[in-house]
Amino acid sequence: MEKAAREIWIEGVVQGVGFRPHVYRLAQELQIKGWVLNSSEGVKIWAEGTAEQLAEFTRTLQSEPPRLARITRFTATERPARHYPDFSITHSHATDKKDVLISPDVAICEDCRREIFDPADRRFAYRFTNCTNCGPRFTIIKDVPYDRVNTTMREFPMCPVCQAEYEDPGNRRFHAQPNACPRCGPQITLVDSRGVPQPGEGQAELAAGRILAVKGLGGFHLVCNARDDEAVRRLRQRKRREYKPFAVMCRDLDTVKYFCRVAPAEADLLTSPMAPIVILERREDAGLPISELCPGVTTLGVMLPYTPLHQYLFAGDLDILVMTSANISDEPLITDNQEALAKLAGIADYFLLHNREIFNRCDDSLAAVVDGQTLLYRRARGYVPLPVRLPLEIQPTLACGGELKHTFCLTRGDLAFLSQHLGDLNHLGNYQQFLASLPRFKQMVDVEPRLVAHDLHPEYLSSKFARTIDLPRVAVQHHHAHLASCMADNGLTGSCLGVIADGTGYGTDGAVWGGEFLAGDYAGFERLAHFRYVPLPGGEAAIRRPARMAAAYLLTLFGPEGGGLAARFLPEVAEEEIGLIARQINQKFNTFPTSSLGRLFDAVSALAGVAAHNHYEGQAAMELEGQSIWTEQEYEFGIDTGERPYQIDIAPTWAGLIRDLAEGVPPALIGGRFHWTVASLIARTVKMLARETGLDRVVFSGGVFQNRLLVMMLKKVLAELDVRVYWHQAVPPNDGGLSLGQALIANEVIKQCV
Ligand code: ZN
Ligand code: ZN
Ligand code: FE
């Protein structure tokens, strides 16, 4: 049989994911001769065999890559055969670190799970078991290339048995950098709150209702039995977190299904290598202490054990644990043993520690599935530092992001590397974490930026930081960045319509924007329409107290009569305060005009009697969403098309809300009608703007689109329009995705300056 050869290049996440042993095994199976090696540009393969063998080999490589590999480019070139006698894995050339992508941390694989539960296996119950298909990556890496000496596993020289696995091309642990076993790897220790070692491994303490601080992959969690109402209450009191729902971890998927409704796509996400916290609809009769665990919402954030250490917290009857980030009031996640003992002594009864250093702090990612598609709320573990592939090449850029749910972004060629979620930069600890992470990230992804992008808001700490850098700088309007982020997320170029709805963003007129219809590309934008401004009385105060915002709407939309309506429908706001707000509005004292859709959801939540406070960001809107039912009835609204930007007039909507309230319509239906109204008015505005501009692609971005009910309704009404709609995929719609858009805009803007 005539032999042929193919030279194959594979780029993407192809190192540290078992690619070469995978290729080796496939070659053996199909009797392919030749070799495979890693180089700076990826994996290179020389394959020889019959035409059929080669076709099968090439097809299988692409259709069934190793579990963790992400192939971004695959090229195969026909070559004359050189008649190799066998197939071999040849040694890597000294790699120029440039094009190798670092893998995120990966949830434990099925093979490793089998081993840790097999009493005959040498890794039985070993908490740090991993292989090329799973285990720590991003959280342990200190430098590139990704070799053991450049990770926090450096402290643990491999024993001969592990070393032999590491060197055997046929082994699942071939070149698995964090490879370890009970003889040579990291170990756990249980200590009490004074740091005194205790017998056992923590499960008995959890079963007895104690609170554990557990050092995991990217930081510490506070953990207790989620079925134990007293334990959960105690954790809430000690952590001084009164309202925000706790996330939980369940022993296995069947347990999740007992507590929550789980659609197939949600099960896939829970059990994926990323293993994020997934927001699920809770079953009401499952016997959880709801008022302690997740007050006010109908959902539950659930994840599955993603390391052997977490898996082994479940013993005996324990099947659901509260698993909440161990931090003090929104400061960064604690990662260090001593810091944990010092800061969490008043919260945790026991500490389950280990002796592997966490180098890169990383929170659990948070996601939901809407209409079969993943919607990211927080992008961190399991996703970072995988890049987003951009639709064009740009110069090396640092985008400094926003303020809340902060991420920054570094770009190289057509790749954008977003940092892990760093939280609210207004907290000093988070800001310090940003300052510490930036040089580490630069080193890891090998980027030296030549351009800096930041938000237009002059007071954002990220903007102030940007101004300290001696490089060309571009200030990017917040909602333009959202638009560009969603375009990039979908690989779009050219001009698009953008519907951008969020809480707060600094507008070019100095107002607080947040309900915007834009037309734009990476170079610029035009504001075509927006929600008519209402005064935000007292800025932050109105954000924390949606009832105040509701009063502001009533006073603005209905004049003096609004005061009476506020007194009647907003029991949370005292009469004197209504008078005060009215004066504030009339005298324009400490008020800020806003078109924010986030504030509108807050206000309606308060008006409907659902939530008068935002004890945590987004609470009122989340609770309104949770209580609202699906309906296709809507309130009236107007669109003032006198001149651009057009004004969306929701005075008729509020009149409808008031009418319903007066008639005693239940909040669930009021909420449903309000959601449908917003969907409907967005669709009608989009339809009009698409016709006027000729643009038929629409991107949706901004934190309001974390609202699953709204997104579902929008998808339904938009399906009837002649436009193509795009939702976020790889990055969150909230400000966690902002830095991606900033980077692209800065590059286009700077081109036009020179
Ligand atoms: Zn594994
Ligand atoms: Zn070992
Ligand atoms: Fe935003």
Side-chain angles (χ1 to χ4, degrees), residues 16-18 21 66-68 103 105-117 121-123 126 128-137 148 153 156-167 171-174 176-187 273 275 305-308 311 401-407 424 455-457 460 462 476-486 498-507 512-516 518 594-599 617-618 700-706 728 731-742:
V17 294
R67 178 172 181 246
L68 306 181
S103 160
D105 299 282
V106 179
I108 180 173
C109 74
E110 283 314 306
D111 290 326
C112 287
R113 201 188 300 274
R114 207 173 305 119
E115 289 172 348
I116 62 165
F117 284 123
D121 194 277
R122 72 191 195 92
R123 289 189 173 84
Y126 183 53
F128 303 90
T129 301
N130 68 83
C131 72
T132 42
N133 296 320
C134 74
R137 302 285 190 275
R148 193 178 182 96
M153 284 299 291
F156 304 95
M158 274 183 271
C159 70
V161 187
C162 285
Q163 188 70 36
E165 292 170 337
Y166 182 87
E167 286 166 10
N171 194 289
R172 200 171 93 247
R173 300 195 160 90
F174 177 67
Q177 303 303 340
N179 187 25
C181 77
R183 274 176 63 194
C184 64
Q187 301 292 341
Y306 51 86
T307 75
Q311 187 73 66
E403 181 115 297
L404 298 173
K405 296 181 165 64
H406 181 258
T407 66
D424 179 354
D455 196 276
L456 185 64
H457 198 310
Y460 276 6
S462 52
V476 180
Q477 199 279 322
H478 190 93
H479 303 93
H480 186 206
H482 272 301
L483 174 139
S485 174
C486 193
V499 181
I500 317 298
D502 69 358
T504 321
Y506 190 82
V512 179
W513 293 13
E516 310 303 314
L518 312 178
T594 186
S595 54
S596 165
L597 201 51
R599 293 292 86 77
E617 200 210 338
F700 291 83
S701 189
V704 167
F705 296 120
Q706 296 174 111
H728 276 285
V731 304
N734 59 45
D735 287 2
L738 211 59
S739 56
L740 174 64
Q742 289 176 346

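In what follows, every heavy atom counts, from backbone to side chain, and hydrogens, waters and symmetry copies are set aside. All ligand and atom numbering here is 1-based and tracks the order in the structure.
- Ring orientation note: the planes of F700 and F705 are nearly perpendicular, at an angle over 60° on the 30°/60° scale.
- For the Fe ion (ligand 3), the set of nearby N, O or S atoms under 2.8 Å includes one belonging to H482.
- The two residues V106 and N133 make their nearest non-hydrogen contact at CG1-O, 3.5 Å.
- Judged purely by atom type and a 3.5 angstrom limit, R137 uses its side chain to pair as donor or acceptor with the backbone of C134.
- Annotation: angle subtended at the Zn ion (ligand 2) by C159 SG and C184 SG is 120°, to 10°.
- Of all heavy-atom pairs spanning I108 and T307, the tightest one is CG2-N, 4.3 Å.
- Geometry note: the Zn ion (ligand 1) is the vertex, C131 SG and C112 SG are the arms, and the angle is 110° (rounded to 10 degrees).
- Within D735, the N, O or S atom lying nearest to the Fe ion (ligand 3) carries the name OD1.
- Taking each heavy atom of C112 and N130 in turn, the nearest pair found is SG-C, 3.7 Å.
- Remark: side-chain polar atoms of R172 are not paired, donor with acceptor, to backbone N or O of E165 under 3.5 angstrom.
- For the pair SG of C181 and SG of C162, the angle at the Zn ion (ligand 2) is about 110°; rounding is to 10 degrees.
- With respect to the Fe ion (ligand 3), H478 has NE2 as its nearest N, O or S atom.
- The atom of D502 that is an N, O or S and sits closest to the Fe ion (ligand 3) is OD2.
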